[in-house]
Amino acid sequence: MSDNVSLIELVNAGVARDGRWLVRGVDLSISAGEIVTLIGPNGSGKSTTAKMVLDVLHPDEGTRRQGTSRLQIGYVPQKVEIDWTMPLSVERFMTITRKLSHSDIDYHLQRTGVLHLKKSQVRTLSGGEMQRVLLARAIARKPNLLVLDEPVQGVDFAGEIALYELIGEIRDELNCGILLVSHDLHVVMAATDRVICLNGHICCQGSPAAVAESAEYKNLFGERAIGALAVYRHAHDHQHLPDGTVLHADGSITDHCHPDDGHHHEHHDKQEADSNA
Amino acid sequence: MLDDFFIRALLAGIGIAIIAAPLGCFVVWRRLAYFGDTLAHSALLGVSFALLFEINITVSVFLISIVISLLLYMMQKRGGLSSDAVLGLLSHSALALGLVAIAFMTWVRIDLNALLFGDILSVSRFDVGFVWAGSLFALAVLVMIWRNLFAVTVNEQLARAEGMNPDVVNMIFMVLMALVIAISMQIVGVLLITALLIIPAASARQLATGPEQMAVVAAIIGIAAVVGGLYASLGWDTPSGPSIVVMALMLFIISLVLGGKTRRHKPNHAEVSPDSSRGE
């Protein structure tokens, strides 16, 4: 973990909608030059957490603290839909939140490999092309905090690795903090400083190296079929049942799970991860 | 020159078109057509207030429209106004309320047709001045907030995350809508204001490749519709509002033909499918 002062910090943060906690008890900090990855299944609160970091959603409990007044954010949302009624070229899209010189536009489109699409209409792009344009637009802002919500969706496997390499390069170049959201762990791991597993709350966290040495990790990556969910097994002492209740390891069933209800042992995992690092 | 009612109507109409069309682009992009309709229909309430308190109709409509648009905006923010059923309910209720309120004021004689469909004869010197002052002011504000408003329109969360304030620009946009409705009501009438916002923008969509270009083309098409429509209205003694809208419709059809031709030569432009507009 980095010794730098954190750019942004969430303390015991949670968001509730219609009487239900989407995510709760999140402690998270991102420092300059650090890549933090949020993983978790669908509906685990990854995007919600990212939006709290971005200050798009305000936590209903807990706080968001900004470590610097000069926070320049670059954001790649999970989904950007351009209505057919809107004529919008890639070139113009690059400048929607900030003016850019022509050479800056070209340079950043070049870096993500989509310079040839500069004059194309955004709504005609494929999913993978759109992700590359979104990434180019976000890094062209020269952010000190980059938030990437599933940045490689729709990109083919080779392209995916190249994009993660690029994200690492950007971190070195701008010394920016990066929050990466993914439901899919295997490629993300290499480029990440810290992994946070989320499932309505923080299930476990640690350095990927520590996780990679664990038997569970080998189990996960040895058999891809097990999929990203398997990574939770090392931390999961409870199971979310289809009806929304929670089955704990000791056989008890509760309505919710909270970080402080005594059924968790994520600190154990965290310590293990840190000592292995 | 301003003594001629027709010149006054032309000037007022052009003044409206140069702001209604660019603003209409945002109405189209944000799918606010029904929202605009609701707002326009509630203008009739503004008219009844004007008659009741004996103040200028345009000023009264502007004030009422601001109140209603802010109310609608807040309801929309709370998420209770997503369905077109609610908007339809409000839209026609506002129209009916306005008509009933006016009917109750038996001491005033008023040309209801002029209110609903516009009347070039009713445009006073004050109105022309008000239209141009309002229009130029709104245009200046729109240019000032353009980058932010456009970013918020493309993706509100992206704009918010990257340091813009969507609430402020959305609010300003609502006030601009109210202003445009107030100044266009006498020329095109309550029932047809939305057409003036939307049809030039939709026509420009067929021809433009960028948002700024679309706004400028929409303004030009809007001006052409006003001028053509008013001349037709004068020549055939038809009400001015419907004449302008019919002219706008003809320009839209022409734009479809022209747009279809250019699109076939540019592979980058995907076919416009009406179905996709209903997505989300």
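Chain naming here is simple, since letters A, B, ... match the order of the sequence lines and numbering starts at 1 in each.
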**Message:** Minimum heavy-atom separation for B:N155 and A:P77, please, with both atom names.
**Reply:** ND2-CG, 4.3 Å
**Fill in**
Assert top hit (heavy-atom pairs under 4.5 Å, partner chain A, pool B:Q157, B:M214, B:M164, B:R160) equals B:Q157
**Request:** Begin with the C-alpha distance, continue with both residues' side-chain angles, and end with the deciding distance and a verdict on side chain to side chain contact (heavy atoms under 4.5 Å, CB included) for B:L158 and A:R137.
**Result:** CA-CA 11 Å; B:L158 183 70; A:R137 195 204 61 81; 3.1 Å; yes
**Atom pair CD (B:E162) and CG (A:D55), whose distance is rounded to the nearest 0.5 Å** = 13.5 Å
**Complete:** Contact list (residues 144-154 of chain B to chain A, heavy-atom gap under 4.5 Å, by number) returns B:W146, B:R147, B:F150, B:A151, B:T153, B:V154
**Asked** Looking only at atom types and distance, does a side-chain atom of A:Q121 sit under 3.5 Å from a main-chain N or O of B:T209, one as donor and one as acceptor?
**Response** yes
**Complete:** If one checks every heavy atom of B:E156 against chain A at 4.5 Å, the contacting part turns out to be neither
**Request:** May I ask you to list the residues in residues 87-103 of chain A that approach chain B closer than 4.5 angstrom, counting heavy atoms only, ordered by number?
**Result:** A:P87, A:L88, A:S89, A:R92, A:F93, A:T95, A:I96, A:T97, A:R98, A:K99
**Request:** Please answer whether the main-chain N or O of A:D83 pairs with a side-chain N or O of B:W29 as donor and acceptor at a distance below 3.5 Å.
**Result:** no
